[in-house]
Amino acid sequence: IEQPTFPKITEMCVKMIRRVNDEEGIKKLVNETFQKLWFTPTPHHDKEAMTRKILNITDVVAACRDTGYDWFEQLLQNLLKSEEDASYKPVKKACTQLVDNLVEHILKYEESLSDSDNKGVNSGRLVACITTLFLFSKIRPQLMVKHAMTMQPYLTTKCSTQNDFMVICNVAKILELVVPLMEHPSETFLATIEEDLMKLIIKYGMTVVQHCVSCLGAVVNKVTQNYKFVWACFNRYYGALSKLKSQHQEDPNSTILTANKPALLRSLFTVGALCRHFDFDQEDFKGNSKVNIKDKVLELLMYFTKHSDEEVQTKAIIGLGFAFIQHPSLMFEQEVKTLYNSILSDKNSSVNLKIQVLKNLQTYLQEEDTRMQQADRDWKKVAKQEDLKEMGDISSGMSSSIMQLYLKQILEAFFHTQSSVRHFALNVIALTLNQGLIHPVQCVPYLIAMGTDPEPSMRNKADQQLVEIDKKYAGFIHMKAVAGMKMSYQVQQAINTCPKDPVRGFRHDESSSALCSHLYSMIRGNRQHRRAFLISLLNLFDDTAKTEVNMLLYIADNLACFPYQTQEEPLFIMHHIDITLSVSGSNLLQSFKEVRV
């Protein structure tokens, strides 16, 4: 039998590990498989076995670079949780071994990078190792505390390739999680980190700035309290923005502004990023000054959202999104509501701006979710002393109010021709529903409509949301089923590339399944609901319903291709069609005869 090569093993692991959130039986099997494969302690003398394990894990992490690492986090959480109350903790021991050996491998790869022949391979391995360390840090940051000083020099990596940037970003993310857990770190070490991060913020692009400001936020807010250092940086970029605003007000067509565009874009992004992680209205920053910094920042960023250059507008909206994470109440300001709603609802507004507004709302909801989870963990620690639930309720109350403001426009984005706009709109709605911020019934028709999207990932996500709603609120899907069918026709019209051709209600592939087959499969189980739904669809063919003929074709296609399971289902439809034809069919024939005469 052929021994599987490393690529084959990696491929098999990737396929298996993605089933980590499947039904209980498969989930248990995946957990057990990877516990034996990766998370069982290795004898100290068996260096070869440990190297194989490290290479296998990092290969799988590298292979999942584009699809995300949720599976790894989920797997690690499942395994560590399963042994929380046990006296012997093999998974925890294996994780400690893996982290220590990953750090050793990183040092080896760094040495070998001077060998030009293997530079590309080892650079990729280095990124995979550091990414894996970040994933461990995310779930158990304590494992990396003793290695923090080893990681810090990687912040000074000279960036010439994409891999170099990934090294810096992942090291910044590790230090952000680990430095606040260190006991009495040296002042020199902390000062070096602050200086390295500041150099990176000033020198490199958006992704690096974002992660470095986030790391600086953790180091300064939780450890050093070096607020003057951050205040100086903020004033540098805020001052540059104020100056550029004045120049633009004096002469919008000035050549100086064109020359300073890179500085403008960097300032808009950096001011926003700093406002996300630092509250500059605290006395620690502005001293006794009575100036309201958040309002001044809002005014500045809002000014540049009206700029003629779309790139400037986009960066200003990104900056606003960051500021709203620190100060969500700013989203209630009239000018912000007008800006967001006009971009989302105006059919002529730029796709990039629409996507950015949706991304801002998505990031806000993700941050709120993280805060709520942290509050929940804190509450469990001090449950008997305080009522932290009340704090959480206040926070979720604000999130709910914010989402109610923009809900209609976000849902209407489902009818956009661009799949990227529909993708981000669906992400925002999924987060909103998962956090219980709105009543789900108003979203049901839109989710039914999104279940007909040509992209499988979006279809599956919309279908999953419907399944979750059906579990909690039986009858909601049936109640909105016909409205959802009509709305799905609108979605199909919006994405139809040939407007001359009528929209069809079945998939143009081997299956020829109905576009709304998932909806029917959800209703099919309840005979009363199923029959009511089918009769409602057949009633649309009545003359009095005045339904347009193209929509009738779409509904007829769906009726023809629904996944029927028993003979009774299509026979029921045929019976009712017979009744309708016996009444209206003869009238229709008579009308044609009269016209001919």
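- With R276 contributing its side chain and G319 its backbone, the two residues share no donor-acceptor pair below 3.5 Å.
- A distance of 5.0 Å separates CD1 of I139 from CD of E73, quoted to the nearest 0.5 Å.
- For T305 (side chain) and M302 (main-chain N/O), a donor-acceptor pair under 3.5 Å exists by modelled atom type.
- Applying the side-chain hydrogen bond (donor to acceptor under 3.5 Å, both in side chains) test to residues at least two apart or on different chains, the pairs with a partner in residues 550-559 are S488-Y554, R504-D557.
- Ring centroids of H576 and F572 are separated by less than 6.0 Å, placing the two rings close together.
- Minimum interatomic distance between D501 and N496 (heavy atoms only, all atoms of both residues): O-ND2, 3.0 Å.
- Two residues are said to be in side-chain contact when any heavy atoms from C-beta on lie closer than 4.5 Å; S214 and H211 fail this criterion.
- Here the straight-line distance linking atom CG of L75 with atom CE of M16 works out to 10.5 Å at 0.5 Å rounding.
- Partners of Q326 under the side chain to side chain donor-acceptor pair (under 3.5 Å) rule, at least two apart in sequence or in another chain, do not exist in this structure.
- Sorted by first and then second residue, the salt bridge (charged side-chain N to carboxylate O under 4.0 Å, His left out) pairs involving residues 334-344 (not counting sequence neighbours) form an empty list.
- Listed by first then second residue, pairs satisfying salt bridge (charged side-chain N to carboxylate O under 4.0 Å, His left out) with a partner in residues 464-476 read E468-K471, not counting sequence neighbours.
- Between the side chain of T363 and the backbone N or O of K359, at least one donor-acceptor pair lies under 3.5 Å.
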Apply side chain to side chain contact (heavy atoms under 4.5 Å, CB included) to residues H423 and L358 and explain how you reach the verdict.
CA-CA 10 Å; H423 168 79; L358 290 166; over 6 Å; no

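- Separating the CD atom in E333 from the CZ atom in F324 is a distance of 8.5 Å, to the nearest 0.5 Å.
- Side-chain atoms of L241 and L264, non-hydrogen and from C-beta on, do get closer than 4.5 Å to each other.
- With sequence neighbours left out, the ring pair (Phe, Tyr, Trp, His ring centres under 6.0 Å) criterion links H248 to Y303, H307.
- The ring pair (Phe, Tyr, Trp, His ring centres under 6.0 Å) check on F562 picks up Y520, with sequence neighbours excluded.
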Decide side chain to side chain contact (heavy atoms under 4.5 Å, CB included) for Y489 and I555; before the verdict, give the C-alpha distance in whole Å, the side-chain angles of both, and the deciding distance to 0.1 Å.
CA-CA 9 Å; Y489 173 70; I555 288 167; over 6 Å; no

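- Side-chain contact between L426 and L447 is present, with heavy atoms from C-beta onward closer than 4.5 Å.
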Could you go step by step and tell me if Q74 and N78 meet the side chain to side chain donor-acceptor pair (under 3.5 Å) rule?
CA-CA 6 Å; Q74 193 61 57; N78 292 349; 3.1 Å; yes

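- Among residues at least two apart or in separate chains, salt bridge (charged side-chain N to carboxylate O under 4.0 Å, His left out) pairs with a member in residues 298-317 are K245-E299, K261-D309, K261-E311.
- For the pair I438 and T432, the tightest heavy-atom approach, listed with the atom from each and the gap, is CG1-CG2, 3.6 Å.
- Here the closest heavy-atom approach between residue S512 and residue F506 is recorded as O-CB, 3.9 Å.
- Rounded to the nearest 0.5 Å, atoms CE (M522) and CD1 (I469) are 8.5 Å apart.
- Residue pairs meeting the salt bridge (charged side-chain N to carboxylate O under 4.0 Å, His left out) criterion with at least one member in residues 560-571, sequence neighbours excluded, are R527-E568, R530-E568, R531-E568.
- Annotation: side chain to side chain contact (heavy atoms under 4.5 Å, CB included) contacts of E412 (sequence neighbours excluded): K408, F415, Y446.
- Looking at heavy atoms from C-beta onward, S513 lies out of side-chain contact with C561 at the 4.5 angstrom threshold.
- Not less than 6.0 angstrom separates the ring centroid of F414 from the ring centroid of H416.
- In this structure a side-chain-to-backbone donor-acceptor pair under 3.5 Å is missing from K480 to V444.
- Looking only at distances, no side-chain donor or acceptor of K461 sits under 3.5 Å from a matching main-chain atom of A430.
- Between the side chain of T547 and the main chain of F541, no donor-acceptor pair closer than 3.5 Å is present.
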Please evaluate residues Y340 and Y406 with respect to the criterion ring pair (Phe, Tyr, Trp, His ring centres under 6.0 Å), reporting the C-alpha separation (whole Å), side-chain torsions for both, the decisive distance (0.1 Å), and the verdict.
CA-CA 8 Å; Y340 270 23; Y406 304 109; 5.5 Å; yes

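- The side-chain heavy atoms of M166 and R65, taken from C-beta on, include a pair separated by under 4.5 Å.
- L79 has its side chain out of reach of W38: every pair of non-hydrogen atoms, C-beta onward, lies at least 4.5 Å apart.
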Could you check V357 against Q409 for side chain to side chain contact (heavy atoms under 4.5 Å, CB included), going step by step and ending with a plain yes or no?
CA-CA 11 Å; V357 168; Q409 283 75 16; over 6 Å; no

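- Counting only distance, with no hydrogens or angles, the side chain of S342 and the backbone of L339 share a donor-acceptor pair below 3.5 Å.
- In this structure, S345 contributes its side chain and N341 its backbone to a donor-acceptor pair below 3.5 Å.
- Nearest approach of I318 to N360, heavy atoms of both residues: CA-OD1, 4.2 Å.
- With no hydrogens or angles considered, no side-chain donor-acceptor pair links T314 and N352 at under 3.5 Å.
- Residue pairs meeting the side-chain hydrogen bond (donor to acceptor under 3.5 Å, both in side chains) criterion with at least one partner in residues 448-459, sequence neighbours excluded, are S419-E455, R422-D453, T452-Q492.
- Between M403 and L365 there is a side-chain heavy-atom pair separated by less than 4.5 Å.
- Counting non-hydrogen atoms of other residues, nucleotides and ligands closer than 6.0 Å to CD of Q528 gives a total of 12 or fewer.
- A salt bridge links E368 with R371; the closest basic N to acidic carboxylate O contact falls under 4.0 Å.
- Taken from OG in S521 to CG in D463, the straight-line distance is 8.0 Å, to the nearest 0.5 Å.
- Under a 3.5 Å cut-off, the side chain of T370 and the backbone N or O of Q366 do form a donor-acceptor pair.
- Qualifying ring pair (Phe, Tyr, Trp, His ring centres under 6.0 Å) partners for H327, counting only residues two or more places apart in sequence or in other chains: none.
- Residues L37 and C13 share a closest heavy-atom pair of CD2-SG, 3.8 Å.
- The closest side-chain heavy-atom distance from L411 to C443 is below 4.5 Å.
- There is no side-chain donor-acceptor pair under 3.5 Å between Q464 and N460.
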Using the rule given for side chain to side chain contact (heavy atoms under 4.5 Å, CB included), can you reason through I573 versus L538, listing the C-alpha separation, both sets of side-chain angles and the distance that settles it, and then say yes or no?
CA-CA 8 Å; I573 295 171; L538 290 170; 4.2 Å; yes

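- The ring pair (Phe, Tyr, Trp, His ring centres under 6.0 Å) check on Y69 picks up nothing, with sequence neighbours excluded.
- The shortest heavy-atom contact between Q442 and P445 is O-CD, 3.9 Å.
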